[in-house]
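One structure is given below, encoded as structure tokens.
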Amino acid sequence: MSDSDLFPTMDSVSLVCVTPWNASPAAVARAEALAEWFACPRVPRRRRSLARIFADEGVDGVLVAEDPPRLYHRTRPDAPYFFHPGVARPRLSALTHGVPDRLLRVAGIRPGDVIIDATLGTGADSLVLAAGAGPAGRVVAIESSFVLARLFTWAQHERGHGYPGMDRLLERIDVRWGHHADLLARMPANSVDVVYFDPMFRRPIVDEDGNIEHARPWTDPRPISDEAWHAAQRVARRCVVLKERPQSDQFARFGLTPDKPRAKIAYGVWKKGG
Ligand SMILES: C[S@@+](CC[C@H](N)C(=O)[O-])C[C@H]1O[C@@H](n2cnc3c(N)ncnc32)[C@H](O)[C@@H]1O
């Protein structure tokens with residue numbers, strides 16, 4: 001299987017918004033608002049199945065105005081993606097019980113930190129980073145997929161869809177839609193504490209990162225560029241962190257040592273000043 005089979009291109013994503021099968025007045029209003037939020041057409045549902053809508057409209061994605069809204073991709077019509085704190089919840093719950101989080105530990109996150117999450121994705125890591133940074137801290141989360149960036153900001157607009165404790169963490173996250181290399185290049189040197197990269201693994205890990213696997217058709221598959229890495233090194237006051245598979249050649253590429261060589265995932269940390 002080639003990379004182009006694994007990763008549909010992101011440049012040509014087309015989307016329409018519909019109401020759910022049984023549309024309440026609230027769902028009709030939500031569909032109107034979502035179509036505007038995602039800058040996509042709202043088309044009549046007319047009791048059509050999703051398969052029918054994909055065929056009739058010739059689009060890559062259908063956004064169904066449920067609460068939370070569900071994104072269906074034509075390649076995965078049975079596996080919608082929607083905002084869900086997912087893998088962040090057990091980590092956040094562990095934190096409240098005083099159990100340290102591995103990412104927060106390796107990145108040395110402290111209360112009050114300003115952190116760039118250069119790869120927002122589902123936002124699970126951003127939520128954990130926001131918890132680590134505390135009320136005085138902030139996370140700037142960058143995402144190049146318009147759909148994923150907008151779905152997350154919709155969740156912020158909806159105050160976390162009622163998941164307990166989410167609204168206060170979402171408030172600490174400032175989402176920027178764009179390519180991280182461009183945004184980092186425009187930031188002053190030493191202007192944030194930590195920059196974190198979690199690029200898409202070239203091949204999915206089964207049973208791991210379930211949320212991001214549902215989001216995969218909407219994600220940008222590109223590896224980190226040299227420009228992005230060097231910009232991050234310039235912008236970070238303390239460190240730049242990379243998450244990858246332990247066997248990934250990206251650790252050697254950036255001169256990093258994976259923290260757990262035999263685990264499913266590993267972190268590598270570049271520290272400013274050695
Ligand atoms: C593995 S996911 C990140 C998962 C995330 N840490 C989480 O907790 O859900 C990688 C994300 O980075 C995004 N991405 C890839 N290249 C990017 C770039 N150049 N700029 C911004 N975002 C990028 C992808 O679209 C994808 O959503």
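Every number for a ligand or one of its atoms is a count from 1 in the order of the listing.
Of the charged side-chain nitrogens involved, at least one lies within less than 4.0 Å of a carboxylate oxygen, so that E171 and R159 count as a salt-bridged pair. At a threshold of 4.0 Å, the pair R238-D113 counts as salt-bridged, since one of the basic side-chain nitrogens sits closer than that to a carboxylate oxygen. Using a 4.0 Å cut-off between a side-chain N of Lys or Arg and a carboxylate O of Asp or Glu, R52 and D56 qualify as a salt bridge.
Checked by distance only, ligand 1 and Y196 stay at 3.5 Å or farther apart across all their nitrogen or oxygen atoms. Inclusion of E143 in the set of residues having an N or O under 3.5 Å from an N or O of ligand 1 is warranted. No N or O atom of S126 sits closer than 3.5 Å to an N or O atom of ligand 1. Between T122 and ligand 1, at least one pair of N/O atoms sits closer than 3.5 Å. Considering backbone and side-chain N/O of W218, none are found under 3.5 Å from N/O of ligand 1.
Proximity of S225 to ligand 1, defined as any heavy-atom pair under 4.0 Å, is not found for any part of the residue. Of the heavy atoms in P199, only backbone atoms (N, CA, C, O) come closer than 4.0 Å to ligand 1. Under 4.0 angstrom from ligand 1, the non-hydrogen atoms of L120 all belong to its backbone.
The aromatic ring centroids of H214 and F82 lie 6.0 Å or more from each other. Aromatic rings from H180 and F197 are positioned such that their centres are separated by under 6.0 Å.
The shortest heavy-atom distance from L183 to ligand 1 is not under 4.0 Å. Using a 4.0 angstrom heavy-atom cutoff, G178 counts as in contact with ligand 1. Residue contact check for ligand 1: A215 places no non-hydrogen atom closer than 4.0 Å to it.
Within the 4.5 Å cutoff, no side-chain heavy atoms of T219 are placed close to those of S145.
The backbone N or O of A236 lies less than 3.5 Å from a partner atom in the side chain of K272, making a donor-acceptor pair.
Ring pair F83/H161 is tilted by interplanar angle, where 30° to 60° counts as tilted.
For ligand 1, the atoms closer than 4.0 angstrom to any heavy atom of A124 are 7 (C), 8 (O), 9 (O). Near L148, meaning under 4.0 Å from any of its heavy atoms, are these atoms of ligand 1: 27 (O).
One option in H180, R222, R176 has a heavy atom closer to atom 18 (C) of ligand 1 than any other, and that option is H180.
A cation-pi arrangement is absent between R150 and F38, since the terminal nitrogen or guanidinium carbon is not both under 6.0 Å from the aromatic centre and inside a 45° cone about the axis.
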